[in-house]
Amino acid sequence: MKVFILDFDHDKEKVYVYGRDENGKKIRIEYDQPYYLYLILKDEKYLNEIKNKLDNEKYIKKYEIEKKKYIGREYTVFKIIIDQDNYDNLKKLADSYKMEGKILGKKEGDISIIKKFQLDQSIYPLNWYELDLELIKKDQNIDYYKYKKNLGIIDKKYNLKVVAFDIETVSEQAIPDPSKDPIYLITFYDGKDYYSIYIDGNSDEGYKVNSELELLKKVDEVIKKLDPDILIGYNSNNFDLYFLYERAKKLNYKFSFSWDNKNILYTKKRETSKKYKFVGIQNFDLFNVISGIFATQFNSETYSLDEIASEVLGEKKLDINFNEIYNIIFKTKDYSYLIKYNKKDVELTYKLYKHFESILLEISRLAGITLYELSGSTYGILVEDYLIKRSRDNNEIIPNKPSYDDLELRKKYTYSGAIVFQPRSGFYKNIAVYDFRSLYPSIIIKYNISPDTLKCDHEECKNEKIIADTSVGKLEVWYCKKNKGFISSILESIFNERIEIKKKMKGLDKDSEEYKILDSRQLSLKYIINSTYGYLGFPNSRWYCLECASSITALGRKYIMEVKDYIENKGYKVIYGDTDSIFVIVNNEKDGQDLLMDINNLLPRPLEMEFEDFYLSGIFVEKRSGEGGARKKYALLSKDGTIKLRGFEVVRRDWSEIAGEVQENILKLALEDKKDEIIVYLNDVINNIKNHKYPLKKFILREQLRKSLKEYEVSSPHVIAAKKYKDRGYKVDRGFIVEYIIVKGGEKISDKVRLPDEVKDNNYDPEYYINKQVIASVEPILKSLNIPIDSIGKIQKDIRSFFNNG
DNA sequence: AATGGCGCAGGATAAT
DNA sequence: ATTATCCTGCGC
């Protein structure tokens with residue numbers, strides 16, 4: 001039977017696989033998945049002793065003796081099958097053998113029973129499989145089967161049934177609280193029709209119910225009718241589902257839309273982040289994925305639906321503010337506009353999901369996880385899931401997660417990273433920028449860097465030593481040259497797979513379905529490839545390897561230095577470089593291309609440099625404090641007139657829009673050789689700030705809370721602002737983005753902090769914004785252009801006359 | 001329970 | 001007035 005797999009669940013006895021058959025009917029497949037773990041024998045001489053012992057332990061259902069690899073070495077292992085309830089008994093036994101030095105330890109006890117089923121049967125979410133099944137019974141909604149055998153994966157298309165939803169509520173106070181405030185309105189959207197349900201108001205569209213309990217019942221009904229595979233929300237885990245769950249609890253209502261008809265399952269991940277699961281249907285919070293996995297690719301300052309939708313789709317939310325919602329719900333009770341607003345939100349959520357669907361599916365498939373698991377994953381988790389999935393191909397036992405003590409120890413270790421060259425500030429012309437194609441992955445592959453190849457026993461492998469610079473000293477290490485490592489070989493295989501996919505794409509129409517799928521596939525491979533180095537140095541990783549991570553950066557430094565020396569010996573001027581890139585002054589673009597060919601003749605494959613681009617001009621600035629040019633800050637002008645900005649205040653959300661805008665304009669003028677216009681422009685801006693000619697939003701500063709409020713030792717402005725939000729009833733936790741404006745009066749800046757709506761009549765502090773924002777951000781640029789500005793900032797009131805005098 | 005890595009600039013506060 | 005420390009957000 002052909003089955004498309006969507007979800008997994010388990011109870012004490014069984015694993016349950018949820019999916020659909022070819023007719024789209026829901027099915028549940030059950031299987032008696034044994035729980036097992038491995039004991040790794042340290043020496044064959046203990047084999048019989050342990051065997052005899054295991055024979056007499058009554059709680060052990062069964063055990064097998066196998067040959068498995070663990071971190072590259074082959075061992076004899078006991079695969080022990082027990083009831084999960086007896087884990088503690090086995091742990092006691094294993095611990096004592098470990099103490100006596102007879103076994104290396106127990107492994108894979110922390111791999112869930114669902115993951116074990118997936119690994120043993122090679123069945124992962126979001127694929128079609130041909131399965132050998134035995135029918136148990138057929139119900140109206142769902143068929144029940146017993147699992148027999150996996151006959152293989154099938155290449156077949158499946159269209160996920162997608163439904164997006166969003167709720168509206170409001171509070172007498174600022175922030176709605178599910179212990180007090182009901183859900184007034186909820187809308188579902190399946191890409192075709194909207195289903196809006198509301199209480200306590202009037203409207204010509206939507207479905208009115210008499211009570212919130214009726215609303216919840218209707219929610220159940222609508223979800224069952226739409227029968228989605230995936231339910232999308234935007235920040236739904238921390239808001240919409242939180243409300244649905246808490247309100248239902250309060251009203252004693254149990255949802256039954258899950259495929260097992262059970263209520264929504266709530267698990268508290270952390271104090272501040274909630275997680276809800278419904279069996280069968282994937283709970284997918286798009287906000288999590290956007291702010292977690294895709295975050296770096298957006299220019300938006302926040303990850304609000306409004307900002308992300310306008311950046312990705314070019315569409316905005318409808319306009320509404322707190323007072324208007326308040327008025328609608330508590331006074332006019334005319335819901336017409338509120339429903340339109342709600343529908344638009346759901347539509348944007350749906351469209352955003354659709355925009356990313358192809359890549360989301362490919363990442364899930366690659367890592368072997370459900371979409372529910374993906375929504376909430378980080379790069380570290382993705383790499384780990386992928387390695388776990390690949391472990392069985394290599395007959396590798398999966399290492400344990402670190403214990404708490406190990407973790408604390410690992411966190412203390414650090415190591416040297418990359419080199420950043422210090423630039424000389426100034427204005428440059430004809431800049432060629434080269435960068436290594438996947439520097440760290442190439443190094444891992446070339447040097448076979450992997451925890452299992454580290455310091456192998458072969459004498460001949462010790463010839464080529466690497467000095468890794470760590471906080472525990474300089475370590476002399478080497479990697480095996482005879483046997484391929486677990487991680488390095490996996491990386492090599494997906495590296496090559498990606499190249500093959502990209503080759504295939506070249507012959508395809510860019511608008512075709514096939515192209516899009518291949519593109520998503522290569523992109524998801526790229527995510528894994530690029531995160532593997534970081535994963536090796538990540539303290540909580542199963543395959544943590546400090547020596548590996550520090551060897552990789554050491555070799556990175558070696559190669560970038562070699563290339564730099566080579567270029568300089570040829571008589572060229574290197575002006576900057578960071579980690580894997582080099583900026584060189586060349587005569588023209590052709591000259592730059594030729595130089596690159598020479599560089600690549602020098603480099604051993606797979607190491608290779610690419611021509612990132614040729615730039616007409618560029619600006620580097622002095623550091624504001626300390627000596628010399630600032631690293632990680634530059635502006636480049638491309639041939640097509642576009643400007644590449646890095647590191648400047650304009651790209652930082654903790655600076656005001658006005659400062660950024662002025663800085664960007666001045667950089668533009670400078671790069672385009674219109675230096676004489678700068679002074680006039682700056683003069684104009686300063687006058688406008690003084691005269692309050694700009695809208696207040698240009699003066700907002702934004703900063704994120706990186707820890708919980710009480711952990712702060714210093715009352716910095718953003719902490720003061722955060723407290724103001726908290727006093728208003730906002731949930732102010734780690735991750736909260738604080739917005740504030742600086743006003744006149746007070747001694748310290750933190751005395752001058754106000755929330756945007758507290759600032760009346762555009763009454764920000766012009767002095768602060770002129771000196772500490774605008775001038776502070778443009779001063780280093782003017783300096784590097786040799787525009788004299790000694791008195792700017794110090795004698796602010798004289799700025800005008802200074803500029804007028806030229 | 002956590003939730004790839006290190007290098008760097010630069011502002012604000014607190015300590016000297 | 002100067003410096004150390006805290007803190008964020010960036011680059012790669």
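Quick note on labels: first sequence line is chain A, next is B, and so on, each numbered from 1. Side-chain atoms are counted along with the backbone in the values below, which use heavy atoms only and exclude waters and symmetry mates.
Look at Lys623(A) and you'll find a side-chain N or O under 4.0 angstrom from OP1 or OP2 of dA9(B). The phosphate of dG11(B) has OP1 or OP2 within less than 4.0 Å of a side-chain N or O from Arg624(A). Here Lys707(A) does not reach the OP1 or OP2 of dC6(C): none of its side-chain N or O atoms lies under 4.0 Å away. When the side-chain nitrogen and oxygen atoms of Ser715(A) are compared with OP1 and OP2 of dA12(B), none of them lie within a distance under 4.0 Å. Regarding contacts with the backbone of dA12(B), every side-chain N or O of Tyr712(A) stays at 4.0 angstrom or more from both OP1 and OP2. OP1 or OP2 of dT8(C) has at least one side-chain nitrogen or oxygen of His718(A) nearer than 4.0 Å. Between Lys411(A) and dA2(B), a side-chain N or O to OP1/OP2 separation shorter than 4.0 Å is absent. Put simply, Tyr768(A) has a side-chain N or O that comes within less than 4.0 Å of OP1 or OP2 on dA12(B). At dG9(C), one or more side-chain N or O atoms of Arg706(A) fall inside 4.0 Å of OP1 or OP2 (strictly under the cut-off).
Checked by atom type and distance alone, the side chain of Asn400(A) pairs as donor or acceptor with a backbone atom of Lys106(A) at under 3.5 Å.
Tyr544(A) comes within 4.0 angstrom of nothing in the nucleic acid, heavy atoms only. Across all strands, Arg631(A) comes closer than 4.0 Å only to sugar-phosphate atoms, never to a base (heavy-atom distances). Residue contacts shown for Gln704(A) are limited to sugar-phosphate atoms, with no base heavy atom under 4.0 Å away. Counting any heavy atom pair closer than 4.0 Å across all strands shown, Trp655(A) reaches sugar-phosphate atoms only and no base atom. Nucleic acid contact for Val383(A): none, since no nucleic acid atom lies under 4.0 Å from a heavy atom of the residue. Among the atoms of the strands shown, only primed sugar atoms or phosphate atoms (P, OP1, OP2) are found under 4.0 Å from some heavy atom of Ser750(A). Within 4.0 Å (heavy atoms only), Ser416(A) reaches sugar-phosphate atoms of the nucleic acid but no base atom. Within the 4.0 angstrom heavy-atom criterion, base atoms lie near Ile381(A). Residue contacts for Ala418(A): at a heavy-atom cut-off of 4.0 Å it reaches the sugar-phosphate backbone alone, with no base atom in range.
Salt bridge absent: Arg702(A) and Asp654(A) never bring a charged side-chain N and a carboxylate O closer than 4.0 Å. Between Glu396(A) and Arg390(A) no salt bridge is recorded (no basic side-chain N to carboxylate O distance below 4.0 Å). At a threshold of 4.0 Å, the pair Lys558(A)-Glu562(A) counts as salt-bridged, since one of the basic side-chain nitrogens sits closer than that to a carboxylate oxygen. Here Glu779(A) pairs with Arg624(A) in a salt bridge; the nearest charged N to carboxylate O distance falls below 4.0 Å.
Rounded to whole Å, atom C1' of dC8(B) lies 9 Å from atom CG of Asp578(A). Remark: P of dA1(B) and CG of Asp406(A) are 18 Å apart, rounded to the nearest angstrom. Rounded to whole Å, atom C1' of dG10(B) lies 17 Å from atom CD1 of Ile775(A). Counting to the nearest Å, the C1' atom of dG11(B) and the CD atom of Gln663(A) are 15 Å from each other. Rounded to an integer number of Å, the gap from Asn540(A) CG to dT3(B) P is 8 Å. Spacing between atom CZ of Arg557(A) and atom C1' of dG7(B) amounts to 11 Å, rounded to whole angstrom units. Note: CZ (Phe421(A)) to P (dA9(B)) measures 15 Å, nearest angstrom. With rounding to whole Å, Tyr404(A) atom OH is found 10 Å from dA2(B) atom P.
For Arg652(A), the listed nucleotide lying nearest its side chain is dG9(C); candidates were dG9(C), dT3(B), dA14(B). Taking every side-chain heavy atom of Pro717(A) into account, dA12(B) is the closest of dA12(B), dC8(B), dG5(B). Here the nucleotide nearest the side chain of Lys401(A), chosen from dC12(C), dG9(C), dA2(B), is dA2(B). Closest contact between the side chain of Thr414(A) and the listed nucleotides dC6(B), dG11(C), dA12(B) involves dC6(B). Checking dT13(B), dC12(C), dG7(B) against every side-chain atom of Val714(A), the shortest atom distance belongs to dT13(B). For Val420(A), the listed nucleotide lying nearest its side chain is dC8(B); candidates were dC8(B), dC12(C), dG10(B). Closest to the side chain of Tyr634(A), from the set dA2(B), dG11(C), dT3(B), is dG11(C). Listed nucleotides: dA12(B), dA9(B), dC10(C). Nearest to the side chain of Lys633(A): dA9(B).
Aromatic rings of His718(A) and Tyr712(A) (six-membered ring for Trp) have centroids within the 6.0 Å cut-off, being under it.
A donor-acceptor contact under 3.5 angstrom links the side chains of Thr370(A) and Glu373(A), judged on distance only.
Going from the C1' atom of dG9(C) to that of dA2(B) covers 22 Å, rounded to whole Å. The same atom, P, is picked in dC10(C) and in dA1(B); the two are 31 Å apart, to the nearest Å.
With Tyr372(A) as the aromatic partner, Lys275(A) meets the cation-pi criteria of under 6.0 angstrom to the ring centre and within 45 degrees of the ring axis.
Between the side chain of Arg653(A) and the base of dT8(C) there is no donor-acceptor pair of N/O atoms closer than 3.5 Å.
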